[in-house]
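Presented below is the structure to which this report refers.
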Amino acid sequence: MTSRRRRRAAVAAAAGAVALALPASASAHGIGSKQPLPLPGWLFAWAAMVVLVVSFIGLAVAWSRPRLQDVVERRRFAVPRLFEALAGGLGIAAFVAVVYAGFAGVQVETANLIPTVVYVFFWVAVPILSLLFGDVFQAVNPWRAVGRAVGWAVQRIGGPQTPAPLAYPVRLGHWPAVVGIAAFAWVELVYADRGDPSQLAIMALAYAAVQLVGMSLYGVEAWSARGDAFGVYFGLFSRMSPLHWRDRALYTRPPLSGLPSMPVEAGTVALLAVMIGTTSFDGLSQGDLWNTLAGHLQDGFTSVGLSAEHALEAAGTVGLLAMVGVVGGLYRLGIAGMRTVGRGHQSGELARSFVHSLVPIALAYVIAHYFSLLAYQGQAIAPLASDPLGHGSDLLGTADWGISYTWIGSRAISYIQVAALLIGHVAGLALAHDRALATYRRVREATRSQYWMLAVMVGFTCLGLWLLFSTV
Amino acid sequence: MSMYALPIAHAGHWLTGLLYFAPVVVVVGALAWQSMKDRHADDEEPGDVAS
């Protein structure tokens, strides 16, 4: 068979597999997370396996040289310096307003602005916006804006006498971001008072203070690129976007092409494990299996003297860390398999080299687990922004807007969840394949090394679907 | 219901859960078999190099 016919066959097979992955509309309805399904949820896992295997074959046949390692970006237009200052000012104003609402507003989770802004808009909407429009958070990052403003003022006053910031320690790498994301996930998923507006406001201020200290020690850009957990988090997702903002100018590039060049530092692998693992725990924590396990763990912790509330938090902490460990372990297994192919590749080198392929999976998990939250609770932004303190004001005329639960059905949400998981894992597979072609001397070795990444991707996909749709 | 009957009573539940991960077993098995085949394959012809 000629290579062109093989490529056509691979594309046709992939299209057929995608069609198989979607259930017929006549037989499927009301599919959603943790709800009785008319269509077996495990069938999606088998369909996903077919899609990933066919995608792997398609990549092996049709993608025989690296395409994403060195990509040329095209400059489109620049924005004036004033725009940068205005965006930063907007971010600072929004941060101050939200924190103020947390302290001064009614202390009820559903009536105060800050919980919805933090857990829905900040944690779910911004990653999606980053995928679509590039690193939008960097433009409005409030603590970075304050750091840059203070740095500019200090330079103007001190002139050449201003001491240079310390060199950012290489060993520190992304570890501050690991701690920041893990801490946020703990607050979101485990902390008993996660919805308390004033507690959230205190934590927001504490986080901002840490950022200002870090920036003053190591410089604004050096810290923001490594130590600012949310800056790093959103920045990773923005690397998948075809839009790239750099030096106040907009560049365009092929989708995903920003990832191969992402800086891999100490702690980057741990960061991706935390990102995927914590979202996985969100799914696990809603199932009967976890309810049973948590009960046993809680009993154990109360027997050593913890209160019921703290015992439950301790149990949640164990579960959270366990899921991070499972995700990290799966990735390490795949790397161990890759190491058996070819010669001269160390596990650490391979783990760092292929870690960028986990970023689409991390975003896929965010969308799969939180899209319904954004679709429904996200609408509450309108009335809450109009009455941010919950005292009966109507600043924007939207205070009486309600939440529509019918604008998107549960079946559509389930399709979006499955599609996000599939697309994310196929993207991860493509990134890993492209990197393998650049890493291994022979195409055959590169393809064989990706057997293991295929197994990892199938594993992550099945895990994601099990977390979403299993009733166990 | 006795404590010993509970695992049996929930066996269907657990088996359904295992079905989610059966594709992983299938893929790993198939890839392990393919890897063994690759190792035994004659590599006499020069491998094509990624450009």
Side-chain angles (χ1 to χ4, degrees), chain A residues 37 40-53 56 63-66 69 287-289 292 330 333 337 340-342 433-434 436-472, chain B:
Chain A
L37 300 171
W42 54 262
L43 204 56
F44 286 110
W46 285 89
M49 177 197 74
V50 171
V51 170
L52 287 170
V53 168
F56 178 81
W63 193 314
S64 58
R65 60 178 180 84
Q69 303 304 304
D288 294 337
L289 174 65
T292 306
L330 265 177
L333 264 179
T340 64
V341 178
H433 177 80
D434 193 77
L437 290 171
T439 302
Y440 291 87
R441 222 166 41 89
R442 299 177 174 188
V443 174
R444 196 175 298 166
E445 273 184 359
T447 304
R448 290 177 190 172
S449 75
Q450 293 312 294
Y451 290 171
W452 305 101
M453 202 50 80
L454 172 63
V456 168
M457 296 297 172
V458 172
F460 278 141
T461 308
C462 292
L463 175 65
L465 291 168
W466 178 74
L467 291 170
L468 282 174
F469 297 117
S470 171
T471 53
V472 174
Chain B
M1 185 183 287
S2 77
M3 202 175 70
Y4 300 104
L6 274 173
I8 300 170
H10 286 266
H13 227 40
W14 289 96
L15 280 173
T16 308
L18 287 176
L19 280 173
Y20 281 88
F21 295 99
V24 183
V25 176
V26 169
V27 166
V28 169
L31 292 175
W33 175 74
Q34 182 64 41
S35 289
M36 279 173 48
K37 271 184 62 179
D38 289 339
R39 277 201 204 106
H40 288 120
D42 188 5
D43 210 34
E44 284 179 3
E45 61 176 309
D48 38 337
V49 178
S51 55

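Just so it is clear: chains get the letters A, B, ... in the order the sequence lines come, proteins before strands, and each one is counted from 1.
- Between Y20(B) and the choices F469(A), F44(A), W46(A), the side chain to side chain contact (heavy atoms under 4.5 Å, CB included) rule is met once, by F469(A).
- Residue A22(B) touches chain A through both its backbone and its side chain, counting heavy-atom pairs closer than 4.5 Å.
- Between chain A and the options L19(B), V28(B), V27(B), heavy-atom pairs under 4.5 Å are most frequent for L19(B).
- Using a 4.5 Å cut-off between heavy atoms, L43(A) makes no contact with chain B at all.
- Pairing each heavy atom of R65(A) with each of D434(A), the nearest pair is O-OD1, 4.1 Å.
- For the options L52(A), L463(A), V341(A), heavy-atom pairs under 4.5 Å to chain B are most numerous at L463(A).
- Taking CD of Q69(A) as the reference point, atom OG1 of T439(A) lies at 7.0 Å (rounded to 0.5 Å).
- Contact annotation for A446(A): neither backbone nor side-chain heavy atoms come within less than 4.5 Å of a heavy atom of chain B.
- Taking every heavy atom of both residues into account, A48(A) and L465(A) meet most closely at CB-CD1, 4.1 Å.
- Ranking V53(A), T461(A), L454(A) against chain B, the residue ahead of the rest is L454(A), based on heavy-atom pairs under 4.5 Å.
- For the residue pair W452(A) and S35(B), the shortest heavy atom distance occurs at CZ2-OG, 4.3 Å.
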